[in-house]
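As the structure is a prediction and not an experimental result, all values here were calculated from the model. We count ligands from 1, going down the list as the structure has it; atoms in each ligand are counted the same way.
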Amino acid sequence: MRIVILTGAGVSAESGVPTFRDADGLWEGHHVEDVATPEAFERQPGVVHRFYDERRAALSLVDPNPAHVALSRLQAAWADDVFLVTQNIDDLHERGGSVHVHHMHGELRSALCRGCGDHVRWLTDLADYPPCPGCHATELRPDVVWFGEIPYGMDLIQMQLQRCDLFVSIGTSGAVYPAAGFVQFAAAHGARTLELNLDRSEGTSLFDEARHGPAGRLVPAWVDELLADISG
Ligand code: OAD
């Protein structure tokens, strides 16, 4: 059985990483169009850099939770047949033990050079305009996909969705496309679909099955169930 797992901010919530859509519609006090669009970066690069620099620095204060660890356990047991795609820009799946993670919205711990196009592993600040290690241009930007930009690796994701038998969405509101459309795409190609989320999402009715509760409890229980099924 081939499995595609899509994760969103909810899988990292219990680690202390804030989700995007809190009650007042702000992302950590900012309107998303002020920090997560190419136009915002053109207008106020210092503001955007500082916003992502703070998020990058905050990563060292958080740890993976049982949901991340359970998914890495599933990947290890299921070998090549689990494709893990995340909308998250944190690195908690990797620190939870996952080896292959497709970051469709980019990564905080990476910088993208607008001069040479290189993706560079980056752990410190960008607001002081450091040079690109490859071409030395001071053109580094956060390696994250902003609104209006195309997520990374859509061809690969679509291919995985077309061939999977089970599509599982974990901790995502189903508010942002193209990820919000994956459930319908996978179902149209014959996959069974399962949602694991804290509460009903915008897409809940599109899934064959939905389980609601915190990811730190739901995900390990679901992984145990699946692994018991194959071993039994
Ligand atoms: P959201 O903040 O939109 O949604 C988080 C979802 O996680 C909600 O449905 C919550 O109910 C759920 N949730 C919260 N705590 C949870 C927990 N402990 N266990 C399980 N679920 C929990 O985040 P995303 O759907 O990831 O894009 O947002 C998608 C994209 O919108 C992001 O990648 C980002 C953002 O704007 C870009 O920056 C391009």
Side-chain angles (χ1 to χ4, degrees), residues 5-41 47-49 51-52 54-56 58-59 62-71 84-93 96 101-110 112 141-154 157 167-183 194-207 209-223:
I5 298 171
L6 169 72
T7 64
V11 81
S12 296
E14 286 155 80
S15 294
V17 181
T19 59
F20 293 91
R21 289 171 185 79
D22 55 23
D24 56 10
L26 300 179
W27 178 17
E28 298 199 49
H30 294 262
H31 291 285
V32 95
E33 62 273 17
D34 292 336
V35 289
T37 61
E39 295 75 22
F41 189 62
V47 170
V48 174
H49 272 317
F51 179 76
Y52 286 98
E54 282 170 21
R55 315 267 91 65
R56 192 178 304 106
L59 283 186
V62 297
D63 293 307
N65 68 55
H68 299 105
V69 174
L71 291 177
L84 177 59
V85 49
T86 186
Q87 298 166 90
N88 298 344
I89 56 178
D90 66 52
D91 60 352
L92 291 176
H93 281 305
V101 186
H102 184 87
H103 283 270
M104 63 179 288
H105 289 167
E107 294 178 72
L108 275 171
R109 285 185 159 168
S110 176
L112 170 63
R141 58 162 273 185
D143 193 2
V144 298
V145 174
W146 286 321
F147 284 91
E149 297 181 325
I150 298 168
Y152 290 144
M154 284 305 297
I157 296 170
F167 171 74
V168 188
S169 169
I170 303 174
T172 176
S173 60
V176 174
Y177 282 83
F182 291 175
V183 55
L194 168 67
E195 174 180 72
L196 304 176
N197 202 51
L198 186 61
D199 40 30
R200 284 184 67 81
S201 74
E202 292 187 24
T204 295
S205 61
L206 302 170
F207 288 83
E209 183 188 348
R211 300 181 189 179
H212 295 138
R217 177 169 60 77
L218 288 189
V219 177
W222 169 69
V223 167

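Assignment of Pro214 to the shell around ligand 1 is supported, since a heavy atom sits closer than 4.0 Å.
Residues satisfying the ring-ring contact (aromatic ring centres under 6.0 Å, His included) test with His103, not counting sequence neighbours, are none.
For the pair Leu84 and Thr7, the minimum side-chain heavy-atom distance is below 4.5 Å. A 4.5 Å side-chain heavy-atom check between Met104 and Phe182 finds at least one atom pair inside the cut-off.
Applying the salt bridge (Lys or Arg N to Asp or Glu O under 4.0 Å) test to pairs two or more places apart or on separate chains, none has a residue in residues 167-183.
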**Request:** Could you walk me through whether Ser12 and His68 pass the side-chain hydrogen bond (donor to acceptor under 3.5 Å, both in side chains) test, one step at a time?
**Result:** CA-CA 8 Å; Ser12 296; His68 299 105; 3.2 Å; yes
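Of the candidates Thr86, Val145, Leu196, Leu218, the one placing a heavy atom closest to atom 39 (C) of ligand 1 is Val145.
An N or O contact shorter than 3.5 Å links Ala9 to ligand 1 by distance. In terms of polar-atom proximity, Ser173 is counted as a contact of ligand 1, with an N or O under 3.5 Å from an N or O of the ligand. Residue Trp146 has no nitrogen or oxygen atom sitting less than 3.5 Å from a nitrogen or oxygen atom of ligand 1, judged on distance alone. Taking only nitrogen or oxygen atoms, main chain and side chain alike, Ala215 reaches within less than 3.5 Å of ligand 1. Where the criterion is an N or O separation shorter than 3.5 Å, residue side chain and backbone included, Phe20 meets it with respect to ligand 1.
Contact atoms of ligand 1 toward Gly171: 5 (C), 6 (C), 7 (O), 21 (N) (distance under 4.0 Å to a heavy atom of the residue). Against a heavy-atom cut-off of under 4.0 Å, Glu14 is close to the following atoms of ligand 1: 17 (C), 18 (N), 19 (N).
With a 4.0 Å heavy-atom cut-off, ligand 1 is reached by the side chain of His105 but not by its N, CA, C or O.
Here the rule is ring pair (Phe, Tyr, Trp, His ring centres under 6.0 Å) with Phe41, and of Tyr52, Phe147, Trp146 only Trp146 fits it.
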